[in-house]
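Before any comments, here is the structure.
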Amino acid sequence: MKKKHRILIINPKADATAIALYENEVPIFEQSIIQEDTKGYSAVSIQAPARTKKILDFLLSEGINLSKINAVAGRGGLLKPIKGGTYMVNDEMLEDLRAGERGEHASNLGGIIAADIASGLNIPAFIVDPVVVDELDDVARISGYPLISRKSVFHALNHKACGRRAAMELGKRYEDCHFIVAHLGDGITIGAHKQGKVIDVNNGLNGEGPFSPERAGSLPHGDLIDLCYSGKYSYKEMKEQLLYHAGISGYLNKNDLTQLEEGMKDGSEQDELIFRALAYQVAKEIGSASTVLSGQIDAIILTGVMAYSHLLVDEIVKRTNWIADVFTYPGENDMQSLANGCLRVLRGEEQAKEYTHKVGKQESELYG
């Protein structure tokens, strides 16, 4: 019989904190705790005490016995580039999360809140596969312009969880497989997974790959430079345009795939064109990733919230199933993935990694 491990999961969002309690792989409960007072802070990390208090108050009100919790797992934030895996939250990690030097984002609170709660219970706190996981091959870092290096920023938690799931279904180890994983969400990231490492992936946050519901993806840089210097937009406005007012939203003034499909049913030719363009760009990026793996691919995996769309999945599959079989795992499953990563360490299946200020390659080597 497997030993029972109870794990508290912390997944901070902009205006709420999603929490869950797992006993081994089974969720006991999940809850989203609304956080009204998130504005007016000079740094995201300052929200941590208020969010921690709300979580503890909720757990006590529900009669949860905190002494039975064995570990706390938080969503990883914007840290230094690190290899994939489960990391113990330590002082150096907390220092970087609180400083927010690589960006202010709600995910930075995951490790901070996890450590706050865990320290009071004298149990370990972990993060699992944060967005800054960097396992790129050196050749994949070359952008074509020496002052700019390609960076690895992607949905690492869901990518790797889906890779492990597909490997299990194939009766193999994730570390022995070659996959192409396409996360289709608010941002789209498509990675080439080679023997447990994501050796190439588009930066879905800062302008690579397919467009998404609100993001522009790759753009012709000459035209983009002209637009930046046209005088129409400030630096901040240009950033906001490409992150929040591009993609489906920019073309159609809607950012929901369901609305797009409804428009197609009503006979909108423009909605149908943008829908086909989305599927086309995703398929093209998958095709590109197949060359990274020299065509040796165990499976293509489609995941993320847009993978719930049978129309979109069918359109992508039509263009890509000649490369390899396509597995579909809709949604993000972040809470389960965090629990699983923590369990692998608690069960001794893998060793927790240590975050240091000198982890992996120096940032100067990685990014110039």
Kindly indicate whether the side chain of Ile180, heavy atoms from C-beta on, has any atom under 4.5 Å from the side chain of Ile190. yes
Point-to-point distance, once rounded to the nearest 0.5 Å, from CG of Leu109 to CD1 of Ile46: 10.5 Å
Look at Lys53 together with Asp57 and state whether they make a salt bridge at an N to O cut-off of under 4.0 Å. yes
Whether the side chain of Asp298 engages the backbone of His178 through a donor-acceptor N/O pair (distance < 3.5 Å, no angle test) should be reported. yes
Are Arg98 and Ile112 close enough that some pair of their side-chain heavy atoms sits under 4.5 Å apart? yes
When you compare the side chain of Leu97 with that of Glu95, does any pair of heavy atoms fall below 4.5 Å? no
Given 3.5 Å as the limit, does a donor-acceptor pair link the side chain of Arg6 with the main chain of Ala71, or not? no
Does the side chain of Lys254 reach to within under 4.5 Å of the side chain of Ile248, using non-hydrogen atoms? yes
Should Asp200 and Lys194 count as an ion pair when the cut-off is N to O under 4.0 Å? no
In this structure, are over 12 heavy atoms from other groups packed under 6.0 Å from Glu349 atom CD? yes
Under 3.5 Å, is there a donor-acceptor pair between the side chain of Ser337 and the main chain of Asn158? no
Before giving the answer on salt bridge (charged side-chain N to carboxylate O under 4.0 Å, His left out), spell out for Glu23 and Lys68 the whole-Å C-alpha distance, their side-chain angles and the decisive distance to 0.1 Å. CA-CA 10 Å; Glu23 185 164 285; Lys68 290 188 176 181; over 6 Å; no
Counting only heavy atoms not in Asn65 (residues, nucleotides, ligands), do more than 12 fall under 6.0 Å from its CG? yes
Do Asn11 and Thr17 touch side chain to side chain, with heavy atoms closer than 4.5 Å? no
Arg150/Asp134 salt bridge by N-O under 4.0 Å criterion: no
Within the supplied structure, the quantity of interest is the number of heavy atoms (other residues, nucleotides, ligands) at a distance under 6.0 Å from Lys284 NZ; does it exceed 12? no
Tell me, yes or no, whether the heavy-atom count around Asp266 atom CG, taken from other residues, nucleotides or ligands under 6.0 Å, exceeds 12. yes
Can a salt bridge be assigned to the pair Lys232 and Glu237 using a cut-off of 4.0 Å between side-chain N and carboxylate O? no
For Phe154, run the side chain to side chain contact (heavy atoms under 4.5 Å, CB included) check against Val133, Val131, Ile188 and tell me which one passes. Val133
Would a distance-only check, ignoring hydrogens and angles, find a side-chain to backbone donor-acceptor pair under 3.5 Å from Lys54 to Ile34? yes
Under 6.0 Å from the CG atom of Asp91, do we count more than 12 heavy atoms belonging to anything else shown? no
Would you call Val292 and Ile199 a side-chain contact if the rule is heavy atoms closer than 4.5 Å? yes
Roughly how far, to the nearest 0.5 Å, is the OG1 atom of Thr86 from the CD atom of Glu350? 4.5 Å
Please determine if Lys151 and Glu208 form a salt bridge, counting it only when a charged side-chain N lies under 4.0 Å from a carboxylate O. no
Could Arg165 and Tyr329 be counted as a cation-pi pair, given that NZ or CZ must be under 6.0 Å from the ring centre and within 45° of the axis? yes
Output yes when a side-chain donor or acceptor of Asn203 lies under 3.5 Å from a complementary backbone atom of Asn206, and no otherwise. yes
Has Ser119 got a side-chain atom pairing as donor or acceptor with Asp116's backbone, closer than 3.5 angstrom? yes
Going by heavy atoms in the side chains, are Met306 and Pro213 under 4.5 Å from each other? yes
Regarding Ser309 and Glu261, is there a side-chain donor-to-acceptor distance under 3.5 Å anywhere? yes
Between the side chains of Asn108 and Glu104, does any donor sit under 3.5 Å from an acceptor? no
Strictly distance-based, threshold 3.5 Å: is any side-chain N or O of Ser143 a donor or acceptor partner for the main-chain N or O of Ile148? yes
His159: side-chain hydrogen bond (donor to acceptor under 3.5 Å, both in side chains) partners, not counting sequence neighbours: Thr189, His193
